[in-house]
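In what follows, a single structure is set out as structure tokens and then discussed.
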Amino acid sequence: MKRVALLISGGGSNMLALVRDMAGDHPARPVLVLSNDPMAGGLAKAAALGVPTAAVDHRPFGRDRAAFEAELLKPLLAAEPDIICLAGFMRILTPGFIRRFEGRMLNIHPSLLPKYPGLHTHQRALDAGDTEAGCTVHEVTAELDAGPLLGQARVPVLPGDTADALAARVLVEEHRLYPAVLRRFAAGDRTPVLLP
Ligand code: GAR
């Protein structure tokens, strides 16, 4: 059974989709939900499902990412994860941190990468006049939002869409895609999951 740690910053809806899926014949189980924000809504939701939680507030560390990560590593290493899922984790990690978990850290990003790495993905897709949008799960490498593709799901952009409307449509697909990718990845299969 693979041990999975999930890193969140907010509501944690992707984390919940992953945790709920890790049952029965799933090859992995959640061992920790960790946040950089002690007030992140996802922490209470994870605790309610019986998953251990921890938080390391990034703010006291200012720009010192290495010092923040040294604290983040403590609960993370104590949980002995085989796989780390970034699930709405909104801090950039240093190459040194990423290297430790190379090949076993996943991220979900709300665009069809390589389009729109970074922030404001839905507004950027609308501004570009794209007819489709979506989300990507990829392996985390030192370059932001650029590691090997593990899965992608597409949705149409509809007339009159706002960034919020598009984000909501994409989020539904995120909740299908990420669990499907994690199941496959935890079983040792890196073949990309392509939805629908
Ligand atoms: C999700 O849409 C996820 O793709 C995005 O943040 C949201 C988190 O929602 N992640 C990024 O933008 C990463 N750069 P959630 O907390 O409800 O899962």
Side-chain angles (χ1 to χ4, degrees), residues 5-18 33-43 45 55-69 71-72 76 84-99 101-102 105-158 160-179 181-182 192 195:
L6 304 107
L7 270 60
I8 64 168
S9 296
S13 69
N14 276 290
M15 174 277 294
L16 277 182
L18 291 169
V33 170
L34 177 58
S35 178
N36 62 296
D37 179 357
M39 302 305 289
L43 289 171
K45 296 173 196 165
V56 177
D57 192 342
H58 68 277
R59 285 167 294 195
F61 299 95
R63 287 162 185 260
D64 191 348
R65 289 188 193 273
F68 164 61
E69 288 176 356
E71 286 305 306
L72 198 64
L76 191 55
I84 296 177
C85 289
L86 306 183
F89 185 70
M90 302 305 281
R91 305 302 300 169
I92 289 176
L93 296 166
T94 66
F97 186 95
I98 291 168
R99 212 172 297 122
F101 302 107
E102 191 108 43
M105 181 151 51
L106 280 49
N107 180 44
I108 188 155
H109 183 75
S111 78
L112 295 173
L113 291 173
K115 278 190 164 184
Y116 317 129
L119 299 176
H120 311 300
T121 54
H122 304 299
Q123 191 59 53
R124 287 155 72 197
L126 291 175
D127 291 347
D130 292 355
T131 55
E132 61 174 8
C135 51
T136 303
V137 177
H138 63 95
E139 262 180 59
V140 178
T141 56
E143 194 186 341
L144 182 68
D145 297 332
L149 177 79
L150 293 170
Q152 215 156 44
R154 294 166 185 275
V155 303
V157 175
L158 300 180
D161 258 349
T162 60
D164 284 350
L166 187 54
R169 192 174 315 119
V170 170
L171 192 61
V172 172
E173 293 306 308
E174 294 186 39
H175 298 160
R176 294 176 60 216
L177 179 68
Y178 210 172
V181 170
L182 181 61
L195 300 178

Does the side chain of [X] reach to within under 4.5 Å of the side chain of [Y], using non-hydrogen atoms?
X	Y	value
Tyr178	Leu106	yes
Thr141	Met105	no
Asn14	Leu171	yes
Leu150	Pro192	no
Leu7	Leu76	yes
Lys115	Arg124	no
Pro114	His138	no
Asp130	Tyr116	yes

Measure the spacing between [atom1] of [X] and [atom2] of [Y] and express it to the nearest 0.5 Å.
X	Y	atom1	atom2	answer
Phe101	Leu86	CZ	CG	10.5 Å
His122	Asp127	NE2	CG	13.0 Å
His58	Arg63	NE2	CZ	12.0 Å
Ile8	Ser13	CD1	OG	10.0 Å
Leu144	Leu93	CG	CG	10.0 Å
Thr136	Leu177	OG1	CG	8.0 Å

Less than 3.5 Å apart, any donor N or O on the side chain of Ser9 or Asn36 sitting next to an acceptor on the other?
yes

Would Leu72 and Arg91 satisfy side chain to side chain contact (heavy atoms under 4.5 Å, CB included), going step by step from the backbone distance to the final call?
CA-CA 12 Å; Leu72 198 64; Arg91 305 302 300 169; over 6 Å; no

Minimum heavy-atom distance between [X] and [Y], given as atom pair plus value:
X	Y	value
Pro156	Asp161	O-OD2, 4.4 Å
Ala55	Leu34	N-CD1, 4.2 Å
Ala17	Pro179	O-CG, 3.9 Å
Asp145	Leu113	O-CD1, 3.4 Å
Val157	Leu126	CG1-CD2, 3.7 Å
Pro110	Glu174	CB-OE2, 3.7 Å

By the definition side chain to side chain donor-acceptor pair (under 3.5 Å), identify the one residue from Arg99, Glu69, Arg65 that meets it with Thr94.
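Exactly one option meets the side chain to side chain donor-acceptor pair (under 3.5 Å) with Thr94, and it is Glu69.
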
Salt-bridged, Glu173 to Arg176, with N to O below 4.0 Å?
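Yes, charged N to carboxylate O under 4.0 Å.
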
Using 30° and 60° as the class boundaries, would you call the ring planes of Phe61 and Phe68 parallel, tilted or perpendicular?
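Because their plane-to-plane angle lies in the 30° to 60° range, the rings of Phe61 and Phe68 count as tilted.
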
Does CD belonging to Glu132 count more than 12 external heavy atoms closer than 6.0 Å?
yes

